[in-house]
Every structure is written in structure tokens, then in C-alpha cells.
Protein chains: 4
Amino acid sequence: MLSAMHDFAVHGYEGARVDRIAEGASINKAMIYYHFRSKEELYRETIGEVYREATDKLSSLFTGEETLEEILHAVAAYHHDLMRKYPEFRSVLMRELAHPRREILSYIFGIFEASGLPSRLLARFGEEIKAGRVRKSDPRQLMISFLTLNLGYVMLAPLFDLIMGISDRELFVEDRKKEVVKLFLNGIRSGRS
Amino acid sequence: MLSAMHDFAVHGYEGARVDRIAEGASINKAMIYYHFRSKEELYRETIGEVYREATDKLSSLFTGEETLEEILHAVAAYHHDLMRKYPEFRSVLMRELAHPRREILSYIFGIFEASGLPSRLLARFGEEIKAGRVRKSDPRQLMISFLTLNLGYVMLAPLFDLIMGISDRELFVEDRKKEVVKLFLNGIRSGRS
Amino acid sequence: MLSAMHDFAVHGYEGARVDRIAEGASINKAMIYYHFRSKEELYRETIGEVYREATDKLSSLFTGEETLEEILHAVAAYHHDLMRKYPEFRSVLMRELAHPRREILSYIFGIFEASGLPSRLLARFGEEIKAGRVRKSDPRQLMISFLTLNLGYVMLAPLFDLIMGISDRELFVEDRKKEVVKLFLNGIRSGRS
Amino acid sequence: MLSAMHDFAVHGYEGARVDRIAEGASINKAMIYYHFRSKEELYRETIGEVYREATDKLSSLFTGEETLEEILHAVAAYHHDLMRKYPEFRSVLMRELAHPRREILSYIFGIFEASGLPSRLLARFGEEIKAGRVRKSDPRQLMISFLTLNLGYVMLAPLFDLIMGISDRELFVEDRKKEVVKLFLNGIRSGRS
DNA sequence: GATGAATGAGATTTCATTCAT
DNA sequence: AATGAATGAAATCTCATTCAT
């Protein structure tokens, strides 16, 4: 339900109004309660839909034969794709992460797990370090670094756009997807740092 | 008012309850209205206090004589210090950034401006690129990369701790502060990438 | 409709839910409105059925040739029979009598009238008093005494069972039917009281 | 709260309207929720007040030195006194007894227990039977008979008044209080029945 | 400064009833 | 006869805000 996603994004769960959502969806308020038992269920279903899609998509993204660089590029692109498809989801997600409830955390955790991404990447980093191609470091730090390089901009875009005077975000994003991988790969390379 | 910060952090602005805040502060609800004009003003004052302190602190942080590395280290440390001092502020800030209102954005923008950090760093990156010590790239991308490497973990710590199985966060943070600078400096170096 | 009677008994007219009644009857809610004009009509029909049966049964109970004792025994037995057949009716009836509406009172009044019982019993008491076999008293008091001796237990059984520690109600009822007549007949006898 | 008692009496718990109760009490609806947490609590407090008074009164009614007849007279009078003081309570009570919830039953049970009445009367009946002054019978039957003779009319007055054509209830009640005791005492006497 | 009571507007939820198929 | 969806009115409850003391 798009109208619901919109209200949850703009006002948050507590600030969202069932009245407004119904009006936005051009249906009678009582119909919301006919299809969903409560505002809470409406909320869960609304974000659950996106979560499920994200899980499915991420799971199918990798065959296991990719190079490290390919994986990084795919992940970087995926984050932006998801946010382009569900622009309002960014708000909802951030609010959830602002004060994460165990239930929601597990939900998101599940998405990552389903993709196999964390374990695969961690293992991969471990191998690369052992092989001497990546400098000695905690693989978890590397993983977090890469994810935050991506998610950080996705989440904070409005602030950064203002501070940095970014006017054409589409263009900037295309650039960023490459920059992120480049910086990261350079950053973790073993060498005379 | 700690009780207010707590409620705003846990429930968000719309979910916060004046009743609960009063009870948490062991005062009569009407007293809140004696000190503040409205819930909105209470909110602004509550977070404004932190904002002001952050502004002051950041402004005084730099004399202009620091090396790039010193600046990066200082910024990395500062983020964690602020969050350690006001742990609940992280939630409040994230909620604000989830659906930023121009007014709040300007507030935060002001903090950065006051510190002189963005312009100084951008200029500095420009110089370093011109001097060939940093690979050719958009200084804004570099700036965003560095900030997200820091802020990303600060904001998403609960999620990352779960995904990565981090149990001792204090320790991990100490490690991260160094890792972030190292990865970034390595990542932006000019060289045979 | 048993499901309706059940809901009216358990929740009362205002507390009964058309949804629940439909579900209990395994039919679609709209079907209820196909058969009955409204909740009110459903209610009237539901209890009207029992009322009509009670009227018919009581009317046919007496030929006019019975002795006083026979009548009393028949009435005492009849109350319990009705409640055994429609156990939930007791609740419905009590609720109605809790705040009797003229319309419902007339309904019940009609049952008594149809049976010819009140006038017959009152006349009979009058004769017995005149003949000196029953002590001088207001026949209406006698009538009420006999009816309450019966109806009182029927209506308050759950409370009495608790207070008196009655575990086998069936057995107790058999005993009560006799006790009631005996006590009453003894109680109204003329003699040296 | 009289307005609440009134609405509960006339409409039952489910049919009572907080709006109406507030209006009847000339207070703001929200004040009801300020003083009572919910409609349910308002209900419990409303009837609890009467229950408590009844408990206290009944407990203090007997010193232990009364003759059987005195006790019976006192009980008979008490029922009518209570109903005269809280005329609407009759409705509320009947509705509760229509579909008794364990919690409410226990409440009422407690009142009887506190008065010591049931155990005292049962014991008394036992003694009288053993002494041959009361005919052999189940004391519980006697007890129920006496209570229903009283409560029956109290509860069913509106119906009986209609059926019997009783116009001056006050007068009738005075008569009934004596009649009930007389009929009962006669009815339980041992003798050639 | 401090408090308990008060209030109006509005939020979520419910429900008898009807409609379209 | 049967159903799922729809609706308007209203019910319970909440909450920011103010008042009287």
C-alpha cells in the first residue's frame, strides 16, 4: 500500500494517521481494518513487502563464481536500485534503525543472512588477507567499511547534498558507485601504507 | 532535560508523551509548560543543547595547522565521543535525518559550517589532488566517503553488532577509529590502482 | 438460530455481534440481513420462538380438572423443563427482566395470560381461603411466593450452587421440585401458626 | 457515580455509553478516563461501592444472639432497604447474574460470607431439625427457599406488579416482608403434613 | 514555582448495515 | 441464496494544552 508507506515515511509510525492513509488510498478508513487488523499490522505488512522483495533479490544476486570486485559492484548498485524503487523506504528504515526493536533487527538480519552475503564476504576477506592481497586487518572492519561507504550516502543523501552543494543527484550516484569500490579496494590493498 | 531526550529517542517526536516525560523527570506536567511553550519547543531546546555543544566543540577543534591525518583522526574520535556523551542523541538524530525538515537540516548544516570543516577539508583534498598525493577524484566524494565511514558505524552499530557478532563494542570502536583513517588514506592515495 | 441465542445470552443484546453470530452459524454475515431485517428483528425472532413454545406448552398443560397440588407440581416441573431445553434462555430472560421494556413485559405477560394460570391460581387461592383450608392472606402474595420459590432458584442457580456448595445440580433440582411444593403447601395452610 | 450507575442499569455494561455518562455527570468525557482507567474500571468501582456497603452493613447486622425469626425478619427487611437506597442496582445485579463471571460471583459470594449469614443459617436449620422443631429436610433447600422468597420479588417486581395488578408497591412490600417470614416458618415446621 | 483537575480535538477501532456480483 | 468488500456513524480512549488554586 503506497499511501501507507508514504505516511509512515513522512510521519513515522506514531505520527502516521490511519485517516490520512485511507484518504490517500481513496478507500474508507474501515476498509483498512477489514484488510489489516490494526495500524501495527498495516505497518508490518507494508514494510514486510519490501523486506521480502529485498531478501529475494539479494539471494538471487550471486552464483558464487563472482570475483570480489564484481560482488562489490553488485552490492553498491543494489542499494541504490532498491532506494530508487522504493524512495520512501529509506525513511522508514532509518526510523526503525533509530531505535531498533529486536523484531525488526531480526527481520533485516534475515535479509542479509538469506543473501549469504555477510558470511561469503567475510570468508572472502579472510582468504584475501591470508593470500597477502589484502592487508592484515579484522574482516569485520572491512565489511562494515564497505557497507557504510554505500549505505552512509544512501541514508544521509539529503544532508550531504546540502552540505556539499550537490544538485544533480542521479549523476552523483553513478559516480559514487564507482568511487566507493575504487576507494575501498585501494584502501584494503596490502602495500607500503 | 534527560527524561525528554530519552522519550524523544525511544518514541520519536510524535510518539513522545508529555505525561511520560514529566513523570520521568518527577515533575508535574504543567511545569513543563511553565518552562517551555509547547512540546515542540521542548523538543527544539532538548536537541538544541546538544547541537550547540557540538558546534562549539567542533569549532574549537582545529587551529588550521593540522596535518590531514590529524584532522581525520580528530573527526573520527569526535563522533564517537559525542555519542558516548549523549547516547540517546543518536536515535534522535537518525529520526530527524529519516525525513529531514529544512529547519533541522539547516541546524545541522550550521554545525558543520561553524566548524569550518567541510570547506577546509574540501580545499585540502583539492590541494592534495593537485599536488598528486591523492588520486584524481571529486573532493566531495572523498569527503562523503570519510564521513560515512565514521557516521555509518556510529548510526548502524546495533545492526552491525548483530550481523557481525560484535560483543565488546568499546574495544571494536577503538579499533575502528584507526581502521577508518587507515583505509581512507590508503584508498585515496594516488598510485597504480 | 442457536448461534444468535448463544451470543445474546453471553453478551446481551447490545454486546452481541452480528459478525460473531454469523461466524458461529457458519454463514455469511449478509445472509443474516437476508433473513432478518436487522439485529433487533433477529433478537425478537430468536427469543420469540422460545416464548411462543412456552405459551403453547403452558396453555395445553391444564384441563381445569387438576387439584391444587397437581397444578403446583406441574408448574414447578415446567420451569425446570424449559430451562433444560433452552439453557441459554435463562440469561436472555434475566437480562430482559433486569430493565424490562414494556414490549417485552407484555410478551411475557401474554404467556402467563395464555396459560390462564394466574387467574386460575388466584381464584383457586381465593376459594381455598374462603373454605378455610388456606390461612387468610392476600392471594397475590401466595402466588408470588410460589412463583419465586421456583423461578428464584432457576434464575440464581449459579450463585446458589456456589454459596451452598451444590455440586450435582440435576439431583438437587429433583429434590427441589418436591421441596418447593411441600414448603409452599405447608406454609399456606391454615392452622395454629 | 450516579450517572454511571444509571447508564449501566438502563443499558447494561456493553450498552452503556461513556459519552452519556459524562454528560449525565456534567463533566468532560476525558475526566472519566482521568479518574478511572477505563470503562471497565468505572463499572467495577461503581458497583464495588455498593457491594462494599452491602458487605459492611450485613456484617454488622447480627450479634449472634438473635432468634431465628429475628434473623429472617432482618434479612427480609435488608433486601428491600438496599434496593430502596440503590434502586438501579437491582438492574445491574440482575444483568451480572444473567451471565455470571467468576470474578463477580466471587464478589457477591464474599458479601454473603462476610455476613456469616449462610453458615449461621445453615447451622441453625440443622439444629432446629435435630431438635424436631423443623421437619426433616436439606438445610440448603430451606436456605434457598427463604432467600428466593425475598430476592424473587425484589428482582421480578416489575413483572409481578404487571401480572398481579399491583399499584402501590410500597404498601405491598410492607405486607410481603411479613408474609414471607410467616409462610416460610409455617412451611418448614415439623408436623402432620 | 508547583499541582490536580479540566478540556477539546482528534486518534484508533468497531459495528450494524448495504452493495455488487 | 450467497459472498467479500464497502461504508458512515459512532464508540472508547488519548493527548497536548490550560485553569484554578
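Quick note: numbers below take in every heavy atom, side chains included, and nothing from hydrogens, waters or symmetry partners. Residue numbering restarts at 1 for every chain, and letters A, B, ... go by the order of the sequence lines.
- Each of D:Met31 and C:Gly15 lies near DNA chain E, and the nucleotide nearest D:Met31 is the one positioned closer to the 5' end.
- Atom-to-atom, CD of D:Glu41 to P of F:dC13 comes out at 11 Å; the value is rounded to the nearest Å.
- For B:Arg101 and B:Glu96, the salt-bridge test passes: some basic side-chain N is under 4.0 Å from an acidic carboxylate O.
- Proximity of a side-chain donor or acceptor of D:Arg95 to a complementary backbone N or O of C:Ala98 within less than 3.5 Å is not detected.
- Using atom P as the reference point in both F:dA20 and E:dG1, the two lie 22 Å apart (nearest Å).
- Atom OH in C:Tyr43 sits about 15 Å away from atom P in E:dA16, given to the nearest Å.
- In terms of phosphate contacts, D:His35 brings no side-chain nitrogen or oxygen within less than 4.0 Å of OP1 or OP2 of E:dG4.
- For the pair C:Ser26 and D:Arg17, nearest-nucleotide mapping onto DNA chain F gives the more 5' position to C:Ser26.
- Atom OH in B:Tyr34 sits about 17 Å away from atom P in E:dG4, given to the nearest Å.
- Without hydrogens or angle criteria, A:Ser3 side chain to A:Ile21 main chain gives a donor-acceptor distance under 3.5 Å.
- A cation-pi geometry, defined here as NZ or CZ lying under 6.0 Å from the six-membered ring centre and within 45° of its normal, does not hold between C:Lys39 and C:Phe8.
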Residue pair A:Tyr86, A:Glu53: steps toward the side-chain contact (heavy atoms from CB on, under 4.5 Å) verdict: CA-CA 11 Å; A:Tyr86 300 105; A:Glu53 177 175 333; 2.5 Å; yes
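- A:Ala16 comes within 4.0 angstrom of sugar-phosphate atoms only, judged by non-hydrogen atoms across all strands, and of no base.
- Contact record, D:Met94 with D:Leu156: CE-CD2, 4.4 Å, taken as the closest heavy-atom pair.
- The separation between D:Ile27 atom CD1 and E:dT7 atom P is 8 Å, rounded to whole Å.
- If you measure from atom CD1 of D:Ile32 to atom C1' of E:dA5, you get 14 Å, rounded to the nearest angstrom.
- Protein atom CG of B:Asp7 is 16 Å distant from nucleotide atom P of F:dT14, rounded to whole Å.
- Using a 4.5 Å heavy-atom cutoff, the side chains of C:Val50 and C:Met5 are in contact.
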Below 3.5 Å is the cut-off: list the nitrogen or oxygen pairs between protein and nucleotides 17-21 of chain F, distance only.
unit_1 : atom_1 : unit_2  : atom_2 : d
F:dT17 : OP2    : B:Tyr33 : OH     : 2.8
F:dT17 : OP2    : B:Lys39 : N      : 2.8
F:dT17 : O4     : B:Lys29 : NZ     : 2.7

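- Atom CZ of A:Phe36 and atom P of F:dA5 are 12 Å apart (whole Å).
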Under the 3.5 Å Watson-Crick or G-U criterion, the dot-bracket string of DNA chain E, with | for inter-strand pairs: .||||||||||||||||||||
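- Atom CD1 in A:Ile21 sits about 12 Å away from atom C1' in E:dA11, given to the nearest Å.
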Salt bridge (Lys or Arg N to Asp or Glu O under 4.0 Å) assessment of D:Arg17 paired with D:Asp7: CA-CA 7 Å; D:Arg17 296 292 170 245; D:Asp7 227 65; over 6 Å; no
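- The heavy-atom pair separating A:Ala16 from A:His11 by the smallest distance is N-CB, 3.7 Å.
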